Amino acid sequence: MSVLLGNMHSHMPMAHTIGIFIVGPSSTGKSTLCRALEKYLVQEGLRVAHISEVARTVMKQRGFTRDDVGTLAMQKAILDAQIEAETKALESLERSICNTEASNAPQPSILICDRCAIDPSVYAEMELTADDIEILTGDLSYRLAVSRYGGNPARTHESIDDIRRSSLVHSVVILTDGVEEWREDDGVRSLYDPWKVADVFRRKLAALRIPYHEVGEDMKDLGERINWVVQLAGLE
């Protein structure tokens with residue numbers, strides 16, 4: 001299923017980087033798909049940056065557990081770390097593009113993200129107060145991330161350079177829905193009902209006017225998922 005809001009492909013021909021953002025509930029195949037996509041695209045000779053699930057790293061470094069999912073402290077830490085990781089990866093890809101443009105290399109660079117800045121805001125919607133949600137999502141960095149994912153544009157008072165950087169990414173956002181037999185408790189993943197979490201993702205993505213594509217029980221084969229995402233990204 002695809003939900004296209006606005007002119008999703010308006011800046012695609014000018015994009016130096018294609019961002020593939022895999023979002024959704026726990027235990028829905030995000031990490032498996034991201035790793036497989038990276039392997040496939042690297043074998044195809046493309047320049048790829050892969051941001052693996054930032055939330056796990058933050059939880060380990062900061063001592064958070066899944067019992068802290070409903071706290072502003074944990075979601076803010078994850079959000080800040082996610083945006084920082086995406087910013088650094090994009091800057092690195094942009095430098096690589098500049099260094100190879102002289103050789104007329106036409107291939108795009110690929111950023112693969114296992115989750116993105118939308119994920120913390122979704123869990124915030126489920127657990128936090130309206131004031132805490134405003135604290136979490138009120139920063140410029142979050143608004144620019146939303147713009148990068150193809151959602152509401154940055155506010156007019158934000159810098160032209162920031163807006164330009166956001167528009168350099170042609171984004172493909174994939175929402176993974178629940179698959180019953182994939183559910184597992186590893187002591188870290190949240191125990192929320194994945195289908196209910198997916199519903200919150202749908203509402204959040206729609207509210208932010210972020211175009212997205214959805215995959216779940218209808219396509220469980222990993223090879224099929226890879227081919228589908230590659231086609232969506234225009235990389236076939």
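Everything numeric in this text was worked out from a predicted model, so none of it was measured. Residue numbers count from 1 along this sequence.
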Test item: E127 side-chain N/O and T71 main-chain N/O as donor-acceptor pair under 3.5 Å: no

query: Does some side-chain heavy atom of V215 sit less than 4.5 Å from a side-chain heavy atom of V229?
result: no

query: side-chain contact (heavy atoms from CB on, under 4.5 Å) between D132 and I135: does it pass, once the steps are laid out?
result: CA-CA 5 Å; D132 284 345; I135 292 171; 4.1 Å; yes

task: Please round to the nearest 0.5 Å and tell me the distance separating atom CG of L235 and atom CD1 of I18.
output: 4.0 Å

- prompt: If you measure from CD on E53 to CZ on R115, what distance do you get to the nearest 0.5 Å?
  reply: 4.5 Å

query: Measuring from I20:CD1 to D114:CG, what's the distance to the nearest 0.5 Å?
result: 12.5 Å

query: Could you walk me through whether R225 and T32 pass the side-chain contact (heavy atoms from CB on, under 4.5 Å) check?
result: CA-CA 10 Å; R225 287 189 169 200; T32 300; over 6 Å; no

message: To check you understand the geometry: which heavy-atom pair defines the closest contact between G63 and D68, and what is its length?
response: O-OD2, 4.4 Å

- prompt: For the side chain of D139 and the backbone of S141, is there at least one donor-acceptor N/O pair under 3.5 Å apart?
  reply: no

- prompt: Which heavy-atom pair separates V54 from A85 by the least distance, and what is that distance?
  reply: CG2-CB, 4.3 Å

query: Does the pair E125/R203 count as a salt bridge with the N-to-O cut at 4.0 Å?
result: no

query: Which heavy-atom pair separates P194 from P25 by the least distance, and what is that distance?
result: O-CG, 3.0 Å

query: Side-chain contact, heavy-atom cut-off 4.5 Å: V230 with L37?
result: yes

Side-chain heavy-atom pair E217, E181 within 4.5 angstrom cut-off: yes

- line: Residues S121 and L136: closest non-hydrogen pair is CA-CD2, 4.0 Å

- prompt: For the side chain of T176 and the backbone of V23, is there at least one donor-acceptor N/O pair under 3.5 Å apart?
  reply: yes

task: Check the pair W195, E180 against side-chain contact (heavy atoms from CB on, under 4.5 Å), reporting the backbone distance first and the verdict last.
output: CA-CA 10 Å; W195 294 276; E180 182 60 44; 3.1 Å; yes

query: Is D199 salt-bridged to R202, going by a charged N under 4.0 Å from an acidic O?
result: yes

- prompt: What do the steps show when you test Y142 against I118 for side-chain contact (heavy atoms from CB on, under 4.5 Å), and what is the final call?
  reply: CA-CA 9 Å; Y142 177 79; I118 301 303; 4.0 Å; yes

message: To the closest 0.5 Å, what do you measure between CG (D119) and CD (Q82)?
response: 7.0 Å

task: Answer yes or no: is there a side-chain heavy-atom contact under 4.5 Å between L232 and I174?
output: yes

- request: Examine Y123 together with Y192 and report whether their ring centres are nearer than 6.0 Å.
  value: yes

query: Roughly how far, to the nearest 0.5 Å, is the CD1 atom of I51 from the OG1 atom of T57?
result: 11.0 Å

message: Please find the pair of heavy atoms, one from I210 and one from G151, that lie closest to each other, and give the distance.
response: CG1-CA, 3.6 Å

- line: Closest heavy-atom pair, R143 versus G138, reported as atoms and distance to 0.1 Å, is NH1-O, 2.7 Å

- prompt: Taking side chain as C-beta onward, heavy atoms only, is Q75 less than 4.5 Å from V69?
  reply: yes

message: Taking T17's backbone N and O only, do any of them form a donor-acceptor pair with S109's side chain (distance below 3.5 Å, no angle check)?
response: no

- line: Between K88 and the options E86, E91, E84, the side-chain hydrogen bond (donor to acceptor under 3.5 Å, both in side chains) test singles out E84

- prompt: How long is the gap from CD1 on I22 to CG on L33, to the nearest 0.5 Å?
  reply: 4.5 Å

message: Tell me whether Y149 contacts the main-chain N or O of A117 through its side chain, where contact means a donor paired with an acceptor under 3.5 Å.
response: yes

